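Okay, structure first, notes after.
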There are 2 protein chains.
Amino acid sequence: MSAQTKGGSRRRTPLTRGRVLKTAVRRADEGGIDSLSMRKLGQELGVEAMALYYHFANKDDLIDGMVDLVFAEIELPHSGDQWRSAMRQRAIAVCDALLRHRWAIGLMESRRRPGPANLRHHNSVIGTLRAGGFDIAMAAHAYSLLDSYIYGFALTKLNLPFDTADDVAEVAQSMLEPFPRDEYPNMVEILTDHVMKPGYDYGEEFEYGLDLILDGLERVRGAA
Amino acid sequence: MSAQTKGGSRRRTPLTRGRVLKTAVRRADEGGIDSLSMRKLGQELGVEAMALYYHFANKDDLIDGMVDLVFAEIELPHSGDQWRSAMRQRAIAVCDALLRHRWAIGLMESRRRPGPANLRHHNSVIGTLRAGGFDIAMAAHAYSLLDSYIYGFALTKLNLPFDTADDVAEVAQSMLEPFPRDEYPNMVEILTDHVMKPGYDYGEEFEYGLDLILDGLERVRGAA
DNA sequence: ACCTGAACACCGTTCAAGT
DNA sequence: ACCTGAACACCGTTCAAGT
């Protein structure tokens, strides 16, 4: 019944934290975090769920490791980069990583035991801002603002009840259907004259807002 | 054993959607969304879990109702308000509501069947922007930017691994503990010279970023 | 050292049945 | 009309036991 009893090889490559984590991330990417149960993960690795508890203290320990894998995917600014282009690139890289790993959005900021990639990331971003002329308090402002925007955008985009452009029309239609015409005229207008137009892509909003924020940061940096 | 068999009253006030929703929101506020199981909710209402399925199609239907209750708590701009003060007030009101109902953060934007309070909210915000001189595309930009920031800030604040100022020092300490000194100097600096200072409150970052964004929106509005 | 089996205390949901 | 009991297919985790 299990993978081991079939064929010649009785024992596969043994479990390691790294192999478990890679499989766990793939599973969560594909099926969502709710599909990542210890039992199913074990099954995918050809092992009983309980074997995982030999390598991880508990599910939270597993998630700590998964989050650090996501941080490791994000390219860091090189020292010497201009703060603005570095922050722009990094914002896009973080957003992309979150869109690849939607399950990670609420988890990236909450680690009590951040891994090395996590700490390297924060250290590098703060260093780039400080080198770009931001004092400590302003670097904190900038980091908070940028990360709130990045995480919020990814959260919003992934939670929108439609994925493709085709979906949009259908969903928008059925959202307003139960209500009398003319009850929400501004909603109707923006949906029909903007959102449902061909070529609309919510994803494009990201860089508009990002550049507006970077403009603002440039201004307060100059004023200090 | 059950509440009904004890004392005189055999049947309590019967279930209604409204009463179930109010109880569900309170439970989720207090114990988190994971503590909101159909069984526990039933128990709190003096009823078997299965009774809830008479009033709600499934758990998602329940959550649709809970989300609309949160939207209903958020005061809307009055028509005639200046766009900037209206957007500022509304951003603070949304952020406060999300901090009161942390379980709602990922759910507010994802309803395929938005309730009336949800639609009224969106309709009102878009209307205020349009009346303030934003054309359709710019109103869409502004709304996306503001909501990404608001939801992202609430998400980040609630996910930070510390709540109180006392926590901060302890958590910061233990985060860096497993690593060699001087490995993350910028992290150490900002933690010790800023975050761990008395009077630090991450919550105060919200209005700084909000005003920077509103300044930016004012500028692009003027340019159009 | 590394993994399993059985068990415990949970989930959401369906469905036939009760009042 | 409104609710219950039993059942199904799941969870995370513990612990003693196997190899």
Side-chain angles (χ1 to χ4, degrees), chain A residues 1-21 23-25 27-28 30-67 103 106-107 110 112-113, chain B residues 1-21 23-25 27-28 30-67 103 106-107 110 112-113:
Chain A
M1 174 139 185
S2 81
Q4 278 92 328
T5 59
K6 250 209 228 150
S9 66
R10 198 157 282 277
R11 271 273 168 283
R12 319 257 146 166
T13 42
L15 288 185
T16 61
R17 279 183 73 98
R19 203 158 69 84
V20 173
L21 287 173
T23 308
V25 166
R27 246 217 101 83
E30 287 166 6
I33 195 75
D34 283 342
S35 87
L36 184 79
S37 72
M38 299 301 261
R39 290 164 212 259
K40 285 187 193 153
L41 181 56
Q43 200 182 322
E44 194 156 335
L45 289 157
V47 108
E48 297 298 317
M50 299 74 206
L52 299 169
Y53 287 88
Y54 185 76
H55 300 275
F56 296 88
N58 47 38
K59 198 172 182 181
D60 223 55
D61 187 20
L62 178 77
I63 286 176
D64 280 346
M66 293 169 67
V67 166
W103 52 270
L107 305 171
S110 62
R112 296 188 106 86
R113 307 204 164 282
Chain B
M1 173 138 189
S2 79
Q4 278 91 328
T5 59
K6 251 209 230 148
S9 67
R10 197 157 281 280
R11 270 273 168 284
R12 322 251 144 173
T13 41
L15 287 184
T16 61
R17 278 184 73 98
R19 202 158 70 85
V20 173
L21 287 172
T23 308
V25 166
R27 247 218 100 81
E30 285 165 7
I33 193 78
D34 284 343
S35 88
L36 185 78
S37 73
M38 298 302 260
R39 290 164 212 260
K40 285 187 194 153
L41 180 57
Q43 200 183 323
E44 195 156 335
L45 290 157
V47 109
E48 296 300 315
M50 301 73 205
L52 299 170
Y53 286 88
Y54 184 77
H55 300 275
F56 296 88
N58 48 39
K59 196 173 183 180
D60 224 55
D61 187 19
L62 179 76
I63 287 176
D64 281 346
M66 292 169 68
V67 166
W103 52 268
L107 304 172
S110 62
R112 295 187 107 88
R113 307 204 165 280

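Because the structure is predicted, anything quoted here is derived from the model rather than measured. Values below: all heavy atoms of this structure, side chains included; hydrogens, waters and symmetry mates excluded. Naming convention: chains lettered A, B, ... in sequence-line order (proteins, then strands); numbering from 1 in each chain.
Taking atom CG of B:Leu45 as the reference point, atom C1' of D:dT4 lies 15 Å away to the nearest angstrom. Regarding A:Asp61, its CG atom lies at a distance of 14 Å from the C1' atom of D:dT13, rounded to whole Å. Here the C1' atom of nucleotide C:dT14 and the CG atom of B:Leu52 are 15 Å apart, to the nearest Å. A straight line from CE of A:Met50 to C1' of C:dG5 spans 8 Å, rounded to a whole angstrom. As rounded to whole Å, 8 Å separates atom P of D:dT4 from atom CG of B:Leu15. Atom P of nucleotide C:dC2 and atom CZ of A:Phe56 are separated by 13 Å, given to the nearest angstrom. Put simply, CD on B:Glu48 is 16 Å from P on C:dG18, counting in whole angstrom units. Distance, B:Leu62 CG to C:dT13 C1': 14 Å, rounded to whole Å.
When side chains are defined from C-beta on, A:Arg17 does not count as touching A:Leu62, because their heavy atoms never get closer than 4.5 Å. With a 4.5 Å cut-off on side-chain heavy atoms, B:Tyr54 and B:Val47 do not count as touching. Annotation: side chain of B:Leu15 is not in contact with side chain of B:Phe56 (no heavy-atom distance under 4.5 Å). For the pair B:Trp103/B:Val25, a side-chain contact is recorded, criterion being any heavy-atom separation below 4.5 Å from C-beta on.
Counting only Watson-Crick and G-U wobble pairs whose two key distances fall under 3.5 Å, DNA chain D forms stems of three or more stacked pairs at C:4-8 with D:12-16, C:12-16 with D:4-8.
Residue A:Tyr53 places at least one side-chain N or O under 4.0 Å from the OP1 or OP2 atom of D:dT13. OP1 and OP2 of D:dA1 both lie 4.0 Å or more from every side-chain N or O belonging to B:His55. Checking the phosphate oxygens (OP1, OP2) of C:dC2, a side-chain nitrogen or oxygen of A:Tyr54 falls inside 4.0 Å.
Here the side chain of A:Arg27 pairs no donor or acceptor atom with the backbone of A:Leu41 at under 3.5 angstrom. Counting only distance, with no hydrogens or angles, the side chain of A:Lys59 and the backbone of A:Ser37 share no donor-acceptor pair below 3.5 Å.
Rounded to the nearest 0.5 Å, atoms CG (A:Asp60) and CE (A:Met66) are 11.5 Å apart.
Residues A:Tyr53 and A:Asn58 share a closest heavy-atom pair of CE2-CA, 4.0 Å. Closest approach of B:Arg19 to B:Leu45, counting heavy atoms only: NH1-CD2, 4.0 Å.
Residues of residues 34-44 of chain B having a heavy atom closer than 4.0 Å to DNA chain C, listed by number: B:Leu36, B:Ser37, B:Met38, B:Arg39, B:Lys40.
Nucleotides C:dA9 and D:dA9 have their P atoms positioned 22 Å apart, rounded to a whole Å.
Here C:dT13 is the nucleotide among D:dG12, C:dT13, C:dG5 with the atom lying nearest to any side-chain atom of B:Lys59.
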